[in-house]
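All values reported here derive from a predicted model rather than from experimental measurement. Naming convention: chains lettered A, B, ... in sequence-line order (proteins, then strands); numbering from 1 in each chain.
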Amino acid sequence: MTRIGDNRARLLALYTTMCRIRAFEETALAAHKAGEIPGPLHVSIGQEAVAAGICGNLRRDDRITSNHRGHGHALAKGAGVAGMMEELFGRAGGHCRGKGGSMHIADFSVGMLGANGVVAGGIPIAVGAAQGLKLMGSDAIVACFFGDGAINRGPFLEGLNWAALYRLPVLFVCEDNGVAAFTATASVTAGPGVAARAEALGVPTVSVDGNDAAAVDEAAARLVAEVRAGTGPRLLHATTYRITGHTSTDPAAWRDPAAVEAARAAEPILRLRARLLSEGVAGSTLDIIQGDALAEMAAARSSALAAPWPDPAVAWEDVQDIGAVAGEA
Amino acid sequence: MTRIGDNRARLLALYTTMCRIRAFEETALAAHKAGEIPGPLHVSIGQEAVAAGICGNLRRDDRITSNHRGHGHALAKGAGVAGMMEELFGRAGGHCRGKGGSMHIADFSVGMLGANGVVAGGIPIAVGAAQGLKLMGSDAIVACFFGDGAINRGPFLEGLNWAALYRLPVLFVCEDNGVAAFTATASVTAGPGVAARAEALGVPTVSVDGNDAAAVDEAAARLVAEVRAGTGPRLLHATTYRITGHTSTDPAAWRDPAAVEAARAAEPILRLRARLLSEGVAGSTLDIIQGDALAEMAAARSSALAAPWPDPAVAWEDVQDIGAVAGEA
Amino acid sequence: MQSITLVEAARRAALQEMRRDPSVWVLGEDVARGGLFGQYRGFLEEFGDQRVVSTPISESVIMGAGLGAALVGTRPIIEMRIFDFVMCAMDELVNQIAKVRYMFGGQAKPAVVIRMPHGIWRNSAAQHSQMLESWFTHIPGLVVAVPSSPADTAGLLVTAIRSDDPVLFFDPKNLFPLTGPVAEVIEPIPFGQARRLREGGDLTLVTWSAIVPQVEEAAALLAARGIAADVLDLRTLWPWDEAAVAASLRRTGRLLVVHEAVTTGGFGAEVVARMVELLGPGGLKAVGRLGQPRVPVPFAPPLEDALKVDTAKIVAAAEALMRR
Amino acid sequence: MQSITLVEAARRAALQEMRRDPSVWVLGEDVARGGLFGQYRGFLEEFGDQRVVSTPISESVIMGAGLGAALVGTRPIIEMRIFDFVMCAMDELVNQIAKVRYMFGGQAKPAVVIRMPHGIWRNSAAQHSQMLESWFTHIPGLVVAVPSSPADTAGLLVTAIRSDDPVLFFDPKNLFPLTGPVAEVIEPIPFGQARRLREGGDLTLVTWSAIVPQVEEAAALLAARGIAADVLDLRTLWPWDEAAVAASLRRTGRLLVVHEAVTTGGFGAEVVARMVELLGPGGLKAVGRLGQPRVPVPFAPPLEDALKVDTAKIVAAAEALMRR
Ligand SMILES: Cc1ncc(C[n+]2csc(CCOP(=O)(O)OP(=O)(O)O)c2C)c(N)n1
Ligand SMILES: Cc1ncc(C[n+]2csc(CCOP(=O)(O)OP(=O)(O)O)c2C)c(N)n1
Ligand SMILES: [Mg+2]
Ligand SMILES: [Mg+2]
């Protein structure tokens, strides 16, 4: 790989993706607060480096599965912003025609096989997708995102064993933000943690500072190459911090304010910015990237707000082919 | 513990239990072949040392949970033979009044909380029983038996994590006979195995030759003491060999006959017999134990065969208190 | 009597029973922090972390551990957070909890309450809005409670906690903010007794759970149009008050069952079938069911609205039934 | 046409489709050894271990991996071994497979067949004898097939494998040894079309799955006693042949639904409710349901016999219905 020469370009690409994720979610938060977005909204503010670092190393025909906190994953994988924002708003032009909302965003056209409202729900799907790809002779791979809360659910064990057994092309990504909903994960997780569990299931594991975008990128590049080479699954354990609450309406008041302050200072976009500045990138360049991202998302918000609602008749569609029921009030 | 002096007595007790389990199951096999026992029957011939070694170290008020292959566990825990045999025969005097059969034998009066028709089904129940006992201030413990096939099911992960987390008094016992139904477990199990998985979940693990009754007994004595002392769960990984097929009607024809021959030679009762002989116990003493066991089970078989069937009205009982339906044809 | 929210009524019922009986305890995700909806606020402080157990996200073991703990004599309240996640614990619920007593010939006493806030929940989409209460009426060994008011929630929860049977307790999550009077000392409400919400002789409206307020509203609108509905809230679906429904039907001859759940395979089918069996087709003039069409719950408000049962649809269905 | 066993008919149907379409494959415990019942005998040898995948005992992932593999364009047959174990994979089935197409606005194509041998099975007790087919009629997105003959099993399985919808295929495990004629080339049988087993004008017997042979036997006995039953095997429960049942009922006016499953909450309730809605109470003379009482399946033969539906009970129920 000719990484050295274009390192700055890679970092700038990461920075752009991360700014776009942040801008998307802050815009969504504001829209939710303003009553424009219905239903629950889980944002990943402070965790952007993981999504950006992993997906930046994937091909378009690679697949991902995600969890309830999936905006970043989708955006980084290339999902269209308009379709994402409209989906959050429940509009006709949403990727899921307004049927899914924030917790069920999917964009199959870029290999995003869906967010998931069930913790660990994406793990069995990811290993199956990898098995299908392998069966079809493709060299595409699957990245499977889940949180630290998911490692206490059975499908984690079943899925990792399965992927290792059949040497499937899956990169498991554990976004370890230390909390599951309102509970510190450490307080409900026995043993040495996710890496030991994965290794015990035959899945080689690498740990990384998930708030260091460059480090995630580097680890991901290596792991994606290994997985694509057919050597079986890998797990990347990325430690990070969820700056905001569990849902958009959770003030996370139980958190230690000092810890939150410290986390704000160590958050990945600021860190990457510092790194880029130190590598000689002009601050104004970075400001423009950030500004563009905010503008892009503001525009997406206004468009979504102006976009048409889905026709009620749509409610009856796409249930199934055989035995579909006809629309009647 | 004053183990040294009464070592021979302990070994003889183990031998007796193992002979009784073997005799029970060979009698049951013959009865099944003769059409006296309906439904499926899973015997544990060749695995008796594990049940005997573990349960010999439990108190009456300790609990066990078991799996589909649970005759040995029940018998070793002290379940009445007549009630067990009648249960297999589906008779009124069965421990479960004929409602459970071989796969659902339970005898709560001796702490046997039930066999289970679902692989790994006993694991969540065992950890909950331990939690309940702890809550009530009891120092009783729970031994949880399962096979090597169970370690690929989610409840294994969830249950071990749980027990370690709350430091519950559970002794997990993995009876590793190398097969799950008709599949070699190694061919569907990734990673280094059950011990590594358990350690990764915070459960200290000991491995033992499960066909060496004395070794199982010794390990169990130590682990039971540790668990009872409140230091949290332990796992005993006992390797053994299932000499007969998966069910009583499975000839296990796919097995390598040489391996089966070797296993027959290394089976735990013969081994313990050799050990006892070498420790100076008379062969005639051992023959009497074996003969008594066979006679006991033959008598249980005849009694069960002569025992009354449950009254059809019993079919309607013990469903629930509120909302029970009245018997009507 | 004080007027309190439904979720507060549920909280007080559990609180009262945990004070009354030290063998009662609660386990589930975030319960030590008061639960997702505040149903257990203050419990940790009062009862400590042995009786208020915040668990990992391990639904199989949350359910199965509840059973195990019941088998040694404690009385767990198993909190499932949201109904949909019970799908992660179905073996423990259906193969184990529902069957142990029977399979073991009466030796086991699975005295657990399984709390599952259910129902359509303000644009939460398909995985957070299910209503599958009818499933569990089909499973021998289980009791099914589906309250709709603060007082019923409190009284039925007390009964559930004191019962030796496993009780599936469907908290109507969309009604948690609903207020109503609840007594200081909460008395148990017997299972299997419907509550009459309105008396009338023209048609019988049978309903339960989160849709009840809209059925009441519809009944008021119908009354204004000269149709007197006899409205029964079943409150529990197993056992259920066949006698009350039959008695009402003997007067009205017309039956409309209204539930939030999908119509096909919903408990409305059982109500209709049982009544036709009991009274004979000749004993009835018209029957109908109103529920969600056989379509998952969508996210967008106009789509959700298009499918879900509401007051207008109830009125329309009742009027159509009167014309038959 | 050759007469073969039901399990062999199922084997040939899957074999034919796997030969026809290389994207079809099968996963489940012991399938490489031919499956628990020999349904996949010879498959490993012909298709290799990439298309005939023996799995760990990991039901959640067996089910979920099938879905994932479908999402990238393959067509898995998910073998659940025995229905009861699907309880270990309900999230994957109900929250994921049934909903992905809808939740994702049509992007997902969950083209899986989930095979679940079900029904009462010679003294196998409560955890190996369940019949919960009605549950899945209540879940939007799912198709439910419940064949009872070798030819129907073969033809419906072909349809299931070719369908883009997720199909729950309930193999009637107690009928695996049943023989009947099956064509060399197995043609798909459309879903939603009942099969008439006997024509008659006195009452309509509606049934499906493993109890069908006993319903046929009962109908013959009834005929000998002068009662001419119109017997319909629904073959699929979603979609189901409302039109055929209604047409029959318009002639007979009497409906008896017979199924192995528990009566309460069973699909018989839906059949009855729907017919009363469609035809009006006035269009019917008598209706009844016959199923297992709301009791788990016990082990001992006399207990199992006391509860389970059999020919004598069917005859008695039909005669009672004629007297009403
Ligand atoms: C099976 C299941 N149980 C519970 C929930 C409720 N829930 C939603 S998100 C969440 C916390 C998940 O934590 P983690 O996986 O670490 O992801 P994070 O929110 O930290 O990104 C919980 C408990 C759920 N969605 N699914
Ligand atoms: C959840 C579940 N899946 C599948 C089965 C079918 N089954 C019964 S026993 C068995 C093999 C179990 O192997 P193991 O746990 O090693 O026990 P062993 O039979 O070797 O004693 C299987 C697959 C089951 N009972 N439960
Ligand atoms: Mg987390
Ligand atoms: Mg084994």
Test side chain to side chain contact (heavy atoms under 4.5 Å, CB included) on C/M90 and D/V94; report intermediate values, then the result.
CA-CA 11 Å; C/M90 287 298 279; D/V94 171; over 6 Å; no
Check whether [X] gets within reach of chain C through its side chain, its backbone, both or neither, counting any heavy atom under 4.5 Å.
| X | value |
| --- | --- |
| D/Q130 | side chain |
| D/A125 | neither |
| D/S60 | neither |
| D/L321 | neither |

Taking heavy atoms only and a threshold strictly under 4.5 Å, list by residue number the residues of [range] that touch chain D; give 'none' if the list is empty.
| range | result |
| --- | --- |
| residues 272-284 of chain C | C/V272, C/A273, C/R274, C/V276, C/E277, C/P281, C/L284 |
| residues 234-248 of chain C | C/W238 |
| residues 99-112 of chain C | C/K99, C/Y102, C/M103 |

In terms of heavy-atom pairs under 4.5 Å with chain D, which of [options] leads?
| options | result |
| --- | --- |
| C/H138, C/Q292, C/M87 | C/H138 |
| C/D84, C/V295, C/V297 | C/V295 |
| C/A89, C/A261, C/P140 | C/P140 |

Looking at [options], which has the largest count of heavy-atom pairs under 4.5 Å with chain C?
| options | result |
| --- | --- |
| D/G141, D/A126, D/C88, D/A286 | D/A126 |
| D/V257, D/I139, D/L132, D/V287 | D/I139 |
| D/L142, D/L93, D/V86 | D/L142 |

Separation between CZ (D/F136) and OG1 (C/T264), nearest 0.5 Å, reads 15.5 Å
Straight-line distance of C/T137 OG1 to D/R294 CZ, nearest 0.5 Å:
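The OG1 atom of C/T137 sits 6.5 Å away from the CZ atom of D/R294.
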Partner set under salt bridge (Lys or Arg N to Asp or Glu O under 4.0 Å) for C/E59, not counting sequence neighbours:
A/R153
Can a donor-acceptor pair be found, under 3.5 Å and without considering hydrogens, that links the side chain of C/Q127 to the backbone of D/N95?
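Looks like yes, one N/O pair under 3.5 Å.
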Is the side chain of C/E270 donor-acceptor paired with the backbone N or O of D/A269 at a distance under 3.5 Å, no angle test?
no
Which atoms of C/R324 come close to chain D, meaning under 4.5 Å heavy atom to heavy atom: side chain ones, backbone ones, both, or neither?
side chain
